[in-house]
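Inspection log for the structure reproduced underneath, given as structure tokens.
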Protein chains: 2
Amino acid sequence: MPRTKQNVTPERLFQALGDRTRLRLLNLMGDQELCVCYFVEILNQPQPKISRHLAYLRRAGVVTSRREGKWIHYRMEQPSNPQAQELLRNVLAWLADDKAMQADRARLVRACCAPSKCSLIREAPQPAFVSGKPEDRKRSR
Amino acid sequence: MPRTKQNVTPERLFQALGDRTRLRLLNLMGDQELCVCYFVEILNQPQPKISRHLAYLRRAGVVTSRREGKWIHYRMEQPSNPQAQELLRNVLAWLADDKAMQADRARLVRACCAPSKCSLIREAPQPAFVSGKPEDRKRSR
DNA sequence: TTTACATATTCGTCAATGCGGATATAATGA
DNA sequence: TCATTATATCCGCATTGACGAATATGTAAA
């Protein structure tokens with residue numbers, strides 16, 4: 001029997017949100033799917049660290065990933081519970097108030113405008129908001 | 001200089017929310033101030049455990065306490081940031097969906113209707129929603 | 001089939017935190 | 001003052017989780 005997406009418990013979700021690095025990751029992928037190398041570039045943190053936190057978010061059911069060749073894209077996953085959806089929207093809205101989070105988003109935009117300047121993302125696929133593809137996010141699993 | 005209420009960081013708040021016992025406590029005090037002995041009675045957990053979790057919530061800036069003789073009342077504290085306020089409202093709404101949380105609230109109402117049956121709260125001051133005093137919560141600190 | 005590159009995982013260490021049990025503190029009343 | 005009651009804190013232990021460093025895996029390209 002194919003295991004359907006299990007409901008995230010509130011405490012599990014909040015544990016996932018209880019770390020600065022993970023909040024920064026969610027802040028960046030709030031709008032769109034992003035490739036791992038962007039997170040590493042923007043947050044300027046060791047790649048294994050980023051990877052570990054992404055894995056934590058995935059295990060907590062907050063994000064999903066999709067492979068595209070060598071690259072792996074992460075995006076937020078809509079919880080099945082409407083209250084939880086609303087809550088995640090609120091989280092992102094709160095983060096948007098934070099100066100450091102705004103700076104992260106600004107760095108993302110800058111990196112996307114001049115990918116050639118960023119060693120890590122020079123050849124990586126661009127996020128949708130740059131390439132212009134409107135919401136063609138495929139379901140992964 | 002009197003220290004004003006410092007802003008709660010998102011990660012700190014979410015850490016505070018990342019525990020089942022603390023969520024149950026918040027669920028109970030969502031509507032009104034409550035005396036510690038009620039938490040002990042309703043959750044049916046060791047008093048030191050309840051006390052530790054209440055202390056955690058207090059340190060995280062989520063609740064405040066007020067002493068009344070032998071008893072100490074806890075209530076949720078409004079964050080200064082409107083986004084955080086909205087978020088806490090959402091948390092409570094989400095919890096209200098949870099069967100176990102509903103059961104807790106039902107036990108609270110039952111305990112308040114027959115305090116003589118509950119050894120721990122036999123003589124404790126009743127919560128405002130029982131005694132009928134409309135929102136006379138005094139600021140503590 | 002090598003090589004290079006993107007990403008994930010493992011390992012050892014350390015700090016934070018949850019718990020039960022015991023004890024301390026604070027207010028009340030005899 | 002002493003006893004009682006409500007609540008808080010401390011102790012020792014186990015678990016979780018964050019980290020850097022090293023290494024493994026998977027894909028593509030030569």
Side-chain angles (χ1 to χ4, degrees), chain A residues 9 11-25 29 33-60 62-75 115 118-126 140, chain B residues 9 11-25 29 33-60 62-75 115 118-126 140:
Chain A
T9 78
E11 59 271 27
R12 187 94 179 87
L13 173 62
F14 292 129
Q15 284 163 10
L17 298 177
D19 178 274
R20 186 74 184 169
T21 301
R22 289 196 288 271
L23 288 180
R24 294 179 72 188
L25 294 173
M29 71 180 102
E33 188 181 64
L34 273 187
C35 170
V36 175
C37 54
Y38 279 87
F39 299 120
V40 175
E41 174 78 31
I42 307 298
L43 298 199
N44 194 30
Q45 304 267 317
Q47 174 267 324
K49 175 173 171 179
I50 299 290
S51 188
R52 259 184 282 121
H53 283 292
L54 287 171
Y56 191 117
L57 289 171
R58 187 161 22 82
R59 281 193 302 268
V62 186
V63 307
T64 26
S65 57
R66 170 180 74 88
R67 181 179 276 277
E68 178 184 355
K70 293 192 291 189
W71 297 278
I72 301 188
H73 303 264
Y74 280 82
R75 68 164 178 280
C118 307
S119 57
L120 290 166
I121 62 176
R122 218 177 316 134
E123 301 186 86
Q126 290 191 317
S140 84
Chain B
T9 77
E11 59 271 28
R12 187 95 180 88
L13 173 62
F14 292 129
Q15 284 164 10
L17 297 177
D19 177 275
R20 186 74 185 170
T21 302
R22 289 195 289 270
L23 289 180
R24 293 179 73 188
L25 294 173
M29 71 179 103
E33 188 181 65
L34 273 186
C35 171
V36 175
C37 55
Y38 279 87
F39 298 120
V40 176
E41 174 79 31
I42 307 299
L43 298 199
N44 194 29
Q45 303 267 318
Q47 175 268 324
K49 175 173 171 178
I50 298 291
S51 188
R52 258 183 286 121
H53 283 293
L54 287 171
Y56 192 116
L57 289 172
R58 187 161 20 82
R59 281 193 301 268
V62 186
V63 308
T64 26
S65 57
R66 169 180 75 87
R67 181 180 276 277
E68 178 184 355
K70 293 190 293 188
W71 297 278
I72 301 187
H73 303 263
Y74 280 82
R75 68 161 178 281
C118 307
S119 57
L120 290 167
I121 62 176
R122 217 177 316 134
E123 302 185 86
Q126 290 191 317
S140 83

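It should be emphasised that the depicted structure is a prediction, and the values quoted were computed from it without experimental measurement.
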*Closest heavy-atom contact between Trp71(B) and Cys37(B)?*
CD1-SG, 4.2 Å
Just list the side-chain donor-acceptor pairs under 3.5 Å for residues 46-55 of chain A, sequence neighbours left out, or say none.
residue, atom, partner, partner atom, Å
Lys49(A), NZ, Gln45(A), OE1, 2.5
His53(A), ND1, Arg22(A), NH1, 3.1

*Taking only residues two or more places apart in sequence or in another chain, which ones pass salt bridge (charged side-chain N to carboxylate O under 4.0 Å, His left out) with Arg20(B)?*
Glu11(A), Asp98(B)
Write out a two-atom table: protein N or O, nucleotide N or O from nucleotides 12-17 of chain D, distance below 3.5 Å.
residue, atom, partner, partner atom, Å
dG17(D), OP1, Tyr56(A), OH, 3.2

*Let me know the distance between CZ of Arg66(A) and P of dT7(C), rounded to the nearest Å.*
12 Å
*Do you know which two heavy atoms are closest between Gln15(A) and Gly18(B), and how far apart they sit?*
NE2-O, 2.8 Å
*Can you tell me how far C1' of dA6(D) sits from CG of Leu34(B), to the nearest Å?*
16 Å
*Separation of atom CZ in Phe39(B) from atom C1' in dA6(D), rounded to whole Å*: 14 Å
*Round to a whole Å and report the spacing from NE2 of His73(A) to C1' of dA6(C).*
11 Å
*Residues which pass side chain to side chain donor-acceptor pair (under 3.5 Å) with Arg12(B), listed by chain and number, not counting sequence neighbours*: none
*Between the two ends of the helix from dT1(C)-dA30(D) to dA30(C)-dT1(D), what is the bend in degrees, rounded to 10 degrees, where each end axis spans five pairs?*
10°
_Candidate nucleotides dT9(D), dG20(C), dG20(D), ranked by approach to the side chain of Ala55(B) - the nearest_ = dT9(D)
*asked:* Please confirm whether the shortest side-chain N or O distance from Tyr74(A) to OP1 or OP2 of dA8(C) is below 4.0 Å.
replied: yes
*How about Met29(B) and Tyr38(B): do any of their side-chain heavy atoms sit closer than 4.5 Å?*
no
*asked:* Ring-plane angle category for Phe14(A) and Phe14(B), please: parallel below 30°, perpendicular beyond 60°, tilted otherwise.
replied: parallel
*Could you give the CZ-to-C1' distance, from Arg59(B) to dT9(D), as a whole number of Å?*
10 Å
*Between the main-chain N or O of Gly69(A) and the side-chain N or O of Arg67(A), is there a donor-acceptor pair closer than 3.5 Å?*
yes
*Straight-line distance of Asp19(B) CG to Arg24(B) CZ, nearest 0.5 Å*: 10.5 Å
*Going 5' to 3' through nucleotides 22-28 of chain D, assign each nucleotide B (protein heavy atom under 4.0 Å from a base atom), S (under 4.0 Å only from sugar-phosphate atoms) or - (no protein heavy atom that close).*
B---SBS
_How long is the straight-line distance from CG of Leu34(A) back to CD1 of Ile72(A), given to the nearest 0.5 Å?_
14.0 Å
*Could you state the atom-to-atom distance from CD of Glu11(B) to P of dA16(C) in whole Å?*
15 Å
*Rounded to whole angstrom units, what separation is found between the CH2 atom of Trp71(B) and the C1' atom of dT5(D)?*
8 Å
_Any side-chain N or O of His53(A) below 4.0 angstrom from OP1/OP2 of dC19(D)?_
yes
*For the base of dG18(C), is there a side-chain donor-acceptor partner from Arg20(B) under 3.5 Å away?*
no
*Within this structure, what is the CZ-to-C1' distance between Arg52(A) and dT10(C), rounded to whole angstrom?*
10 Å
_Between CZ on residue Arg75(A) and SG on residue Cys35(A), distance to nearest 0.5 Å_ = 14.0 Å
*Hey, are the side chains of Leu25(A) and Leu43(A) touching, using non-hydrogen atoms and a 4.5 Å cut-off?*
yes
